[in-house]
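To keep things clear, I will list the structure first and then write my remarks on it.
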Amino acid sequence: MDVLTKIPVREQDAKKRAANFEEVCLGYNQEEAQAEAIRCINCKNAQCIKGCPVAIDIPGFIANVKEGNIEEAYQIISRSSALPAVCGRVCPQETQCEGKCIRGIKGDPVSIGKLERFVADWAREQGIKPHGAAEMKGKKVAVIGSGPAGLTCAGDLAKMGYEVTIFEALHEPGGVLVYGIPEFRLPKKAVVMEEIENVKSLGVKIETNVVVGKSVTIDQLIQEEGFEAVFIGSGAGLPKFMGIPGENSNGVFSANEYLTRSNLMKAFDGNSNTPIMHSRKVAVVGGGNVAMDAARTALRLGAEVHIVYRRSEEELPARVEEVHHAKEEGIIFDLLTNPTEILADEKGWVTGMKCIRMELGEPDASGRRRPVEIPDSEFTMELDTVIMSLGTSPNPLISSTTEGLETNKWKCIVAEEANGQTSKAGVYAGGDAVTGAATVILAMGAGKAAAKGIDEYLRG
């Protein structure tokens with residue numbers, strides 16, 4: 001066995017998967033996982049742990065995989081992570097744990113994410129649950145939002161012995177995990193719902209269809225319902241647009257709406273009552289993971305799909321794996337291209353999009369080279385659908401109905417990174433509601449930090 005090369009992961013064939021919504025990556029079996037685990041050199045000063053926002057004991061769990069002790073590997077991961085089967089699938093490991101892997105200096109880094117996924121899937125198939133609290137503290141904590149930040153915070157607090165209730169605005173728990181990430185990357189029933197059941201098995205209660213700020217306010221939760229602390233993990237569900245002419249035309253969607261229809265409301269399934277645009281030719285404007293998700297969804301619904309991004313491939317913010325999968329499936333990348341206007345017919349339906357070619361100039365404040373328009377390079381793309389994937393910001397509903405809660409100019413809640421504390425006593429926040437749209441694992445890290453902060457606050 002060549003210890004410098006990672007064990008390849010089985011995937012669904014590109015042509016086949018471009019026409020279905022089944023999971024693309026098939027993961028490791030036990031034999032493959034143990035062979036990959038052998039590659040880990042079990043560093044004394046493990047850099048991979050420092051690269052993990054929830055600080056999983058990575059060498060510890062991998063050593064158990066190596067020996068075939070998969071249940072023990074699962075309990076090690078569970079001590080730090082409430083959502084291992086999710087993280088193993090959607091975390092950007094290449095820039096986090098695997099990016100710090102010492103084995104990766106001379107060869108391929110260990111496939112930490114795929115090993116985590118294998119362990120979590122194995123535990124689920126065997127019906128193994130995480131360990132709960134030894135004794136209860138008799139104190140109630142409210143968690144707003146059942147996405148990765150809320151589930152992590154709730155799970156950690158439940159393990160510490162707190163009575164936790166999650167309030168979710170939508171009709172199903174999971175937050176961005178159910179409405180934002182497609183089935184082919186993250187199966188809902190087999191993976192997300194099972195992970196949520198694990199959190200509930202710790203004693204966490206989940207109430208859906210509760211819009212905090214409308215159905216009930218944070219002050220009411222504290223003053224009338226007896227919650228001694230509140231964690232806000234309400235995410236960032238408010239889409240951004242370009243502000244170009246024609247953006248209000250029929251057939252222009254935010255990626256948020258498009259993906260919610262497909263993922264949460266199951267519009268990709270012919271038996272669903274939720275309508276979705278079955279387009280002929282789609283442009284997805286943006287270059288992040290959400291843009292890739294929207295593009296790959298539109299492709300599976302039968303369209304020719306173009307990613308329109310104003311910088312070059314090097315600057316694409318999406319994970320390399322996502323870009324690679326999109327290209328394999330036949331998505332066309334129109335890079336160094338910027339939309340200037342959306343064209344519509346007399347009934348207001350999209351017919352095309354005017355664009356201009358770009359070139360990269362000097363670096364801007366983000367450190368990336370700034371795109372500059374090339375004079376006289378305008379052209380028109382014929383389209384019937386445009387999906388805007390330009391990021392999201394937090395919905396101001398909670399901040400506008402909570403007195404004494406400080407927000408910044410982007411309407412994000414201001415909270416301490418170390419413990420999630422906000423400007424209001426007993427109220428903590430984390431994840432996209434604080435940072436704006438970011439990754440699942442960073443939201444989980446924030447939920448974890450806030451659970452620690454709430455525990456310290458309530459122990460006084």
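Position 1 is the first residue of the sequence, and the numbers go up from there.
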Quiz: residues 145-152 side-chain donor-acceptor pairs under 3.5 angstrom, not counting sequence neighbours:
unit_1, atom_1, unit_2, atom_2, d
Ser146, OG, Glu168, OE1, 2.7
Ser146, OG, Gly174, N, 2.9
Thr152, OG1, Pro148, O, 2.7

Qualifying residues under salt bridge (Lys or Arg N to Asp or Glu O under 4.0 Å), relative to [X], sequence neighbours excluded:
X	answer
Lys114	Glu321
Asp57	none
Glu194	none
Glu328	Arg17

Could I get the full list of side chain to side chain contact (heavy atoms under 4.5 Å, CB included) partners for [X], not counting sequence neighbours?
X	value
Asn338	Met242, Arg310, Ile356, Met358
Thr401	none
Glu456	Lys452, Arg459
Val290	Ala255, Leu259, Ser389

Inter- and intrachain pairs under side chain to side chain donor-acceptor pair (under 3.5 Å), touching residues 234-251, at least two apart
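Passing the test, one end in residues 234-251: no pairs.
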Using the ring pair (Phe, Tyr, Trp, His ring centres under 6.0 Å) criterion, which residues pair with Phe21? Sequence neighbours excluded.
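Ring pair (Phe, Tyr, Trp, His ring centres under 6.0 Å) check on Phe21 returns Phe268.
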If the condition is ring pair (Phe, Tyr, Trp, His ring centres under 6.0 Å), which residues does Phe167 pass it with, not counting sequence neighbours?
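In terms of ring pair (Phe, Tyr, Trp, His ring centres under 6.0 Å), with neighbours along the sequence ignored, Phe167 is linked to Phe227.
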